[in-house]
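Following: one structure in structure tokens, then a few remarks.
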Protein chains: 2
Amino acid sequence: MKAKRNPARLFNLLAETFKALGDSSRVQIVWALSHGELCVGDIAKLVSMSPSAVSHHLRTLRNLNLVSVRREHRTLFYSLDDIHINGLLTEGIDHVEELIP
Amino acid sequence: MKAKRNPARLFNLLAETFKALGDSSRVQIVWALSHGELCVGDIAKLVSMSPSAVSHHLRTLRNLNLVSVRREHRTLFYSLDDIHINGLLTEGIDHVEELIP
DNA sequence: AGCTCACTTGAACATCTGTTTAAATGAGAA
DNA sequence: TTCTCATTTAAACAGATGTTCAAGTGAGCT
């Protein structure tokens, strides 16, 4: 693990990133997107939430570059932004699966 | 990414785990511990916090099995609980370092 | 026993967070 | 243009969260 130029800013961003994943609604959304891109309505059905609530969560995920968007006609398709997001998810799952016997 | 037996419980634990890392004080503590075990007082100095605040944070990290303790005389030494914690940290750092040019 | 040191705990406080509801946007069809 | 559909946005609320301060624990020394 190497040193960094602006530790305070990096730790803040790092904490914000984990915080974005630190909500069971959002982590379910990210999990759903780890299988492929989805539009807001489909995410809402998959995680049993209102489109409005999903949209709010997607905004916080977008703000931290955890997801990205693509427009097709009237529909917005969301997907995970980079490989590290999947890595965080699998590493997290590996950790918690050791806790549940 | 495989399926799970009790999705709701697993997602909750997963979210709690990320939430525990989703605080700049705690992520600094975890970062400090990624270099080796430390006692409470030394952590407090490293992250410029009161021992009390550090102790509170260590409890939430302990509750989620992110850190573990070892006693030596009057001193408690904390360390990261398993390899996945380091993995989460490095994966998170890799992600945010791409965001800061 | 009494004393000190390293740490933990509890209560209080202001601040932040997720969800709901209702209204608004904006792209495309008619 | 007007209408519809997919999504976003704003305001509001209850519930959660981090930090501080003061008090409490309990191990080891004298």
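Only heavy atoms go into these numbers, but all of them, side chains included; no hydrogens, no water, no symmetry mates. Since the model is a prediction, treat every value here as computed from it, not as a measurement. First the proteins, then the strands, lettered A, B, ... as listed; each starts at 1.
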Expected list for residues 46-59 of chain A: side-chain donor-acceptor pairs under 3.5 angstrom, two or more places apart:
{"unit_1": "A/S50", "atom_1": "OG", "unit_2": "A/A53", "atom_2": "N", "d": "3.1"}
{"unit_1": "A/H57", "atom_1": "ND1", "unit_2": "A/R26", "atom_2": "NH1", "d": "3.2"}

Next on the checklist: Could you walk me through whether B/R70 and B/Y78 satisfy the side-chain hydrogen bond (donor to acceptor under 3.5 Å, both in side chains) test, starting with their C-alpha distance in whole Å, then the side-chain angles of each, then the deciding distance to 0.1 Å, before giving a yes or no?
Outcome noted: CA-CA 6 Å; B/R70 174 179 75 85; B/Y78 282 85; over 6 Å; no
Checklist entry - For the side chain to side chain contact (heavy atoms under 4.5 Å, CB included) test, which of A/L61, A/L66, A/L88, A/N86 pairs with A/V30? => result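 The option that passes is A/L61.
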Checklist entry - Taking protein heavy atoms under 4.0 Å as touching, what does nucleotides 3-10 of chain C look like 5' to 3' if B marks base contact, S marks sugar-phosphate-only contact and - marks none? => result -BBSSBBB
Next on the checklist: Is there a path of hydrophobic side-chain contacts, each under 4.5 Å between heavy atoms of I/L/V/M/F/W/Y residues, joining A/V69 to A/V67?
Outcome noted: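 As far as the 4.5 Å side-chain criterion goes, A/V69 and A/V67 are connected within one cluster.
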Checklist entry - Do A/I93 and A/I83 belong to the same hydrophobic cluster, where Ile, Leu, Val, Met, Phe, Trp and Tyr are linked whenever their side-chain heavy atoms lie under 4.5 Å apart, directly or via other members? => result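 Different clusters: A/I93 never reaches A/I83 through Ile, Leu, Val, Met, Phe, Trp or Tyr contacts under 4.5 Å.
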Sequence neighbours excluded and cut-off under 3.5 Å, please list the side-chain donor-acceptor pairs for residues 9-16 of chain B, or say none.
{"unit_1": "B/N12", "atom_1": "ND2", "unit_2": "B/A8", "atom_2": "O", "d": "3.4"}
{"unit_1": "B/E16", "atom_1": "OE2", "unit_2": "B/K19", "atom_2": "NZ", "d": "3.4"}

Next on the checklist: Under 4.0 Å, heavy atom to any atom of DNA chain D: which of residues 14-26 of chain B qualify?
Outcome noted: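 Listed by number, they are B/K19, B/D23, B/S25, B/R26.
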Item to check | Range on DNA chain D touched by chain A, heavy atoms, distance below 4.0 Å | outcome: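 Range of nucleotides within reach of chain A: D/dT4 to D/dA10.
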Next on the checklist: Nearest whole Å is fine: how far is C/dG18 C1' from B/F11 CZ?
Outcome noted: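 Atom-to-atom, B/F11 to C/dG18, this comes out as 18 Å.
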Checklist entry - Which atoms form the tightest heavy-atom contact between B/N65 and B/I85, and what is the distance? => result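 Between these two residues, the closest heavy atoms are O-CD1, 4.5 Å.
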Next on the checklist: Minimum heavy-atom separation for B/L64 and A/H95, please, with both atom names.
Outcome noted: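 Residues B/L64 and A/H95, closest heavy atoms: O-NE2, 3.5 Å.
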Next on the checklist: Between A/R71 (side chain only) and A/H73 (backbone N and O only), is there a donor and an acceptor less than 3.5 Å apart?
Outcome noted: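 Looks like yes, one N/O pair under 3.5 Å.
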Item to check | Pair listing, salt bridge (Lys or Arg N to Asp or Glu O under 4.0 Å) test, anchored in residues 44-54 of chain B, at least two apart | outcome: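 Salt bridge (Lys or Arg N to Asp or Glu O under 4.0 Å) check on residues 44-54 of chain B returns B/D42-B/K45.
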